[in-house]
Amino acid sequence: MDTASDTSGSGHIYLIDDDASIRRALTGTLERLGYSVSVYEAPDDFLKSAVPVSPAVVLLDMRMPGKSGVEVQAELIANKWRTPIIFISGESLPAQIVRAMKQGAADFLLKPFSMESLLRAVDSGLAKDAEQHAVLLRSLNIQQRFERLTPREKEVCSEIISGRSNKEIAEISGSAAATIKLHRARVLSKMQAKSLSDLIAMFEGTDLLTANKSLS
């Protein structure tokens, strides 16, 4: 699921717990502290109707009728929902805790937990989600710039990133060095890169260049 931005309050919390008293207590306290809260009694209600926002965290009970917390977590991962998950549980099997952490849980709180420990986990998760969202927006922005390059400029961009000089690219492609120099300038301009090192940094951790054929 794609993530949309949300600037209301201190962040958004999805609370999934089958215990009505827990839902009431946590919702009342969290909303008084400035968080916005969406409450779900059953995992399927959350999976069917929740709208992704950011920054947000998921407060997820481990043991509920129907799907377990780790099963919900696995389904969110499969749907590319990256919102940090904080498990809350009265009792859990060690195997469940291990699986939850291996699947990337942000934290695991055993009931009864203090509000202080919950808020620490929530604020840490919100900060992580905000950072993830910023990285996603930057990646999408770079992709949009890259798509504005012509096919030839994309090829030259790939060669620049690989470390080849204008002269080397010209020799490989059979073009004049002056032409490659012009393509290079256009690539830097369209990608809004201040320098070659800035351009290289943009593509670190991405696979944007793999789909383009090498000139060699």
Side-chain angles (χ1 to χ4, degrees), residues 1-8 11-12 14 47-48 50-58 70-85 99-106 123-216:
M1 300 181 183
D2 293 331
T3 306
S5 64
D6 178 37
T7 57
S8 61
H12 190 74
Y14 304 94
L47 293 169
K48 291 176 182 176
V51 177
V53 298
S54 182
V57 296
V58 177
V70 288
E71 289 173 330
V72 175
Q73 181 188 29
E75 192 162 339
L76 290 176
I77 293 170
N79 287 319
K80 302 187 185 304
W81 186 311
R82 300 177 179 86
T83 305
I85 298 173
R99 182 181 172 190
M101 300 311 290
K102 283 186 175 180
Q103 289 183 164
D123 288 340
S124 176
L126 289 171
K128 179 182 178 181
D129 193 50
E131 182 179 348
Q132 290 179 161
H133 187 62
V135 170
L136 175 61
L137 287 180
R138 181 176 181 274
S139 176
L140 290 174
N141 187 270
I142 290 171
Q143 183 175 352
Q144 289 171 350
R145 295 180 201 172
F146 183 71
E147 292 305 319
R148 288 197 288 267
L149 301 181
T150 66
R152 183 59 175 150
E153 288 167 351
K154 289 178 181 178
E155 292 176 346
V156 171
C157 181
S158 179
E159 296 300 330
I160 293 172
I161 297 297
S162 70
R164 289 196 172 100
S165 66
N166 291 352
K167 182 179 179 181
E168 290 172 326
I169 299 173
E171 290 175 351
I172 292 170
S173 64
S175 301
T179 301
I180 300 301
K181 183 178 180 180
L182 178 60
H183 283 311
R184 183 189 185 108
R186 286 175 176 170
V187 167
L188 290 172
S189 176
K190 288 184 179 181
M191 293 301 300
Q192 298 177 29
K194 297 178 181 178
S195 63
L196 176 57
S197 60
D198 189 23
L199 183 68
I200 292 172
M202 288 181 181
F203 288 91
E204 287 181 353
T206 75
D207 58 356
L208 289 174
L209 298 176
T210 57
N212 291 279
K213 293 182 179 179
S214 171
L215 296 179
S216 56

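In this text, all values refer to a predicted model and were calculated from it rather than measured experimentally.
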Salt bridge (Lys or Arg N to Asp or Glu O under 4.0 Å) against Lys190, all qualifying residues, sequence neighbours excluded: Glu153

Minimum heavy-atom distance between [X] and [Y], given as atom pair plus value:
X      : Y     : result
Arg99  : Val70 : NH1-CG2, 3.6 Å
His133 : Ser54 : CB-OG, 3.4 Å
Pro84  : Ala56 : CD-O, 3.5 Å

Test item: [X] and [Y] side chains (from C-beta on) under 4.5 Å apart, heavy atoms:
X      : Y      : answer
Leu196 : Arg184 : yes
Glu147 : Gln144 : no
Ile85  : Val57  : no
Trp81  : Leu47  : no
Arg152 : Ile180 : yes
Thr83  : Pro52  : no

What do you reckon, is CD of Glu131 surrounded by more than 12 foreign heavy atoms closer than 6.0 Å? no

How many angstroms lie between atom [atom1] of [X] and atom [atom2] of [Y], to the nearest 0.5 angstrom?
X      : Y      : atom1 : atom2 : value
Ile172 : Lys167 : CD1   : NZ    : 12.5 Å
Met191 : Ile160 : CE    : CD1   : 11.0 Å
Arg164 : Ser158 : CZ    : OG    : 8.5 Å
Asn166 : Ser175 : CG    : OG    : 11.5 Å
Ser139 : Phe203 : OG    : CZ    : 10.5 Å

For the side-chain contact (heavy atoms from CB on, under 4.5 Å) test, which of Asn141, Ile161, Ile142 pairs with Met202? Ile142

Can you tell me if [X] uses its side chain to pair, donor with acceptor, with the backbone of [Y] under 3.5 Å?
X      : Y      : answer
Gln132 : Arg82  : yes
Gln103 : Gln73  : no
Asp129 : Gly125 : no
Ser162 : Glu159 : yes
Ser173 : Ile169 : yes

